[in-house]
> 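Mind looking over this structure? Questions follow.
This structure is a prediction, so every number in the text was calculated from the model and none was measured. Heavy atoms only: backbone and side chains are in, while hydrogens, waters and symmetry mates are out.
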Amino acid sequence: MNELARRPIGVFDSGVGGLSVLRALWSELPEEDFVYVADAGHAPYGEKDDLAVLMRAQALTHELRYRYGIKALVVACNTATAAAIAELRASHPDLPIVGIEPAVKPAMAQTRTGGVGVLATRGTLQSEKFRTLLQSLSATAAPKLQACDGLADAIERNDAMKIEALCTEYTRAIGPFGQNFGDCDTVVLGCTHYPFALDTLQRLCGPTVLFVEGGTPVAKRTAQVLATHCLRHPDTNRLGQTEFVTTGDKQALAAALQRWLGVLPDSANLAPNQAVGPMSSGAPAKQM
Ligand code: DGL
């Protein structure tokens, strides 16, 4: 029996954004255990320089590996993936690592008008990795890029007025929206926080605009990578558990878990991998 396969999968983000990826991981891999780290004590990442993000990514990976014994890592943050995934893979060649990048290619394949907008952090849009992604596109019309300074932070703090104001400003910059040739009909959510502002974004852009996020592809890729390394949990009938850890405020993470995943806070640290229905044992959250 491969005992390594019974270990948890590590997931980290600058804060609550990665919960949008965790949600997809729960649905794709319900039998797996996870350790989710919200690096809220150092958020937001998007307006920091690459070296600062790289150092946080290295520290969190080290912690997840050597304190929690993870068998694989999901970097549930576009900014950290852009700044650090190559170095993380070089430092941990024996640890399977899956990252996330803005879903520009699927969006270009789905647009009917040729108009695609990309909302992401400044760090992601300015990265070498993102430049390479853009260069690989064979499309005739380039996507409209918008750096969304402050938006991840507003979502992190659940500041509804700020979310509304920033979404209004940033969607105006990538519009007009519509179904005519050249109108923007598809928007890439290139930061894992932004799916939590989807209602606001959809209202501002109109009901026909399609939003594309990367959580589900990342979960599917994680399943493939685990299978390739013979690391899928051997007991496929079990329901795994997730341990939540934060470098910031425990209560803030507890509130986010309740709001976004329907996990009820409890004195326990573990939550079952299900985002629906009432929870008997609830989440969060240790401080790191
Ligand atoms: N959620 C992260 C991302 O996907 C980072 C947001 C931030 O901390 O600025 O880019």
Side-chain angles (χ1 to χ4, degrees), residues 13 17-18 20-21 23-24 44-47 76-83 85 99-155 160-221 260:
D13 176 51
S20 64
V21 178
R23 193 165 55 180
Y45 284 177
E47 291 132 60
C77 173
N78 293 265
T79 313
T81 299
I85 199 152
I100 185 166
E101 66 181 8
V104 182
K105 279 189 184 158
M108 295 302 247
Q110 285 175 62
T111 177
R112 289 167 173 231
T113 61
V116 170
V118 182
L119 304 177
T121 67
R122 185 165 294 277
T124 297
L125 295 181
Q126 288 178 348
S127 68
E128 193 56 46
K129 202 166 188 309
F130 188 71
R131 237 192 318 275
T132 308
L133 173 67
L134 283 187
Q135 280 163 1
S136 72
L137 300 174
S138 52
T140 43
K144 278 193 197 171
L145 312 179
Q146 179 60 43
C148 302
D149 292 353
L151 183 54
D153 184 50
I155 293 168
M161 272 171 59
K162 194 83 196 259
I163 293 170
E164 178 79 26
L166 292 175
C167 286
T168 304
E169 180 185 340
Y170 296 143
T171 52
R172 271 194 194 138
I174 55 167
F177 300 95
Q179 300 302 304
N180 297 319
F181 184 73
D183 286 349
C184 180
D185 71 345
T186 308
V187 177
V188 178
L189 300 179
C191 165
T192 54
H193 279 71
Y194 303 167
F196 296 128
L198 184 58
D199 289 352
T200 307
L201 291 165
Q202 190 82 67
R203 175 168 44 75
L204 290 165
C205 299
T208 60
V209 171
L210 183 71
F211 289 89
V212 187
E213 55 166 306
T216 302
V218 165
K220 291 195 183 303
R221 175 86 192 120
W260 304 124

> Is there a donor-acceptor contact under 3.5 Å linking the side chains of Ser127 and Thr124?
no

> Can you sort out the partners of Glu47 under side-chain hydrogen bond (donor to acceptor under 3.5 Å, both in side chains), two or more places apart, ordered by chain and number?
none

> Could you tell me whether the side chain of Asp13 reaches within less than 4.5 Å of the side chain of Val21, counting heavy atoms only?
no

> About how many Å separate SG of Cys148 and CG of Leu125, when rounded to the nearest 0.5 Å?
7.5 Å

> Of all the heavy-atom pairs spanning Ala103 and Val212, show the shortest one and how long it is.
CB-CG1, 3.7 Å

> Taking side chain to side chain contact (heavy atoms under 4.5 Å, CB included) as the test, write out the residues that go with Glu169, two or more places apart.
Leu166

> Filter on salt bridge (charged side-chain N to carboxylate O under 4.0 Å, His left out), then keep only pairs touching residues 106-121, sequence neighbours left out; what's left?
none

> Apply side-chain contact (heavy atoms from CB on, under 4.5 Å) to Tyr194 and Val187, showing your working.
CA-CA 11 Å; Tyr194 303 167; Val187 177; over 6 Å; no

> For Ser136, enumerate each residue passing the side-chain hydrogen bond (donor to acceptor under 3.5 Å, both in side chains) test, keeping only those at least two apart in sequence or located in another chain.
Lys105

> Atom NZ of residue position Lys144 - does it have more than 12 heavy atoms of other residues, nucleotides or ligands inside 6.0 Å?
yes

> With sequence neighbours excluded, what pairs up with Phe196 under the ring pair (Phe, Tyr, Trp, His ring centres under 6.0 Å) test?
Trp260

> Do any pairs count as a salt bridge (charged side-chain N to carboxylate O under 4.0 Å, His left out) and have a residue in residues 115-131, sequence neighbours left out, and if so which ones?
Glu101-Lys129, Arg122-Asp149, Glu128-Arg131

> Supply the atom-to-atom distance His193 NE2 to Leu119 CG, rounded to the nearest 0.5 angstrom.
14.5 Å

> With a 3.5 Å distance limit and no angle check, can you tell me whether Thr111 reaches the backbone of Ala107 through a side-chain donor-acceptor pair?
no

> Restricting to non-hydrogen atoms, name the atom on Tyr45 and the atom on Cys77 that form the minimum distance, rounded to 0.1 Å.
CD1-SG, 3.8 Å

> How would you list, by chain and number, every residue that makes a side chain to side chain contact (heavy atoms under 4.5 Å, CB included) with Pro44, sequence neighbours excluded?
Asp153

> Arg172: which residues meet the side chain to side chain contact (heavy atoms under 4.5 Å, CB included) condition with it, sequence neighbours left out?
Thr168

> Going from CD1 on Ile155 to SG on Cys167, what distance comes out if it is rounded to the nearest 0.5 angstrom?
6.5 Å

> Quick check: closest heavy atoms across Thr121 and Cys191, and the distance to 0.1 Å?
CG2-SG, 4.1 Å

> May I ask you to test the Leu145-Leu134 pair for a side-chain heavy-atom distance under 4.5 Å?
yes

> Can you find a pair of side-chain heavy atoms, one from Val104 and one from Val118, that are under 4.5 Å apart?
yes

> Are the side chain of Gln202 and the backbone N or O of Val209 linked by a donor-acceptor pair below 3.5 Å?
yes

> Any side-chain donor paired with an acceptor under 3.5 Å for Thr113 and Asp185?
yes

> I need the full list of ring pair (Phe, Tyr, Trp, His ring centres under 6.0 Å) pairs touching residues 163-185, with sequence neighbours left out, sorted by first then second residue.
none

> Under 3.5 Å, is there a donor-acceptor pair between the side chain of Thr81 and the main chain of Ile100?
yes

> Using side chain to side chain contact (heavy atoms under 4.5 Å, CB included) as the criterion, list what pairs up with Pro195, not counting sequence neighbours.
Ser20, Arg23, Leu189, Glu213

> For residues 189-208, pull every pair meeting salt bridge (charged side-chain N to carboxylate O under 4.0 Å, His left out), keeping only residues two or more places apart or in separate chains.
Glu164-Arg203

> Just wondering, do Leu137 and Pro143 contact through their side chains at under 4.5 Å, heavy atoms?
yes

> List the atom of Thr171, the atom of Cys205, and the distance in Å for their closest heavy-atom pair.
CG2-SG, 3.6 Å

> Under the rule for side-chain hydrogen bond (donor to acceptor under 3.5 Å, both in side chains), what residues qualify as partners of Thr216, not counting sequence neighbours?
none

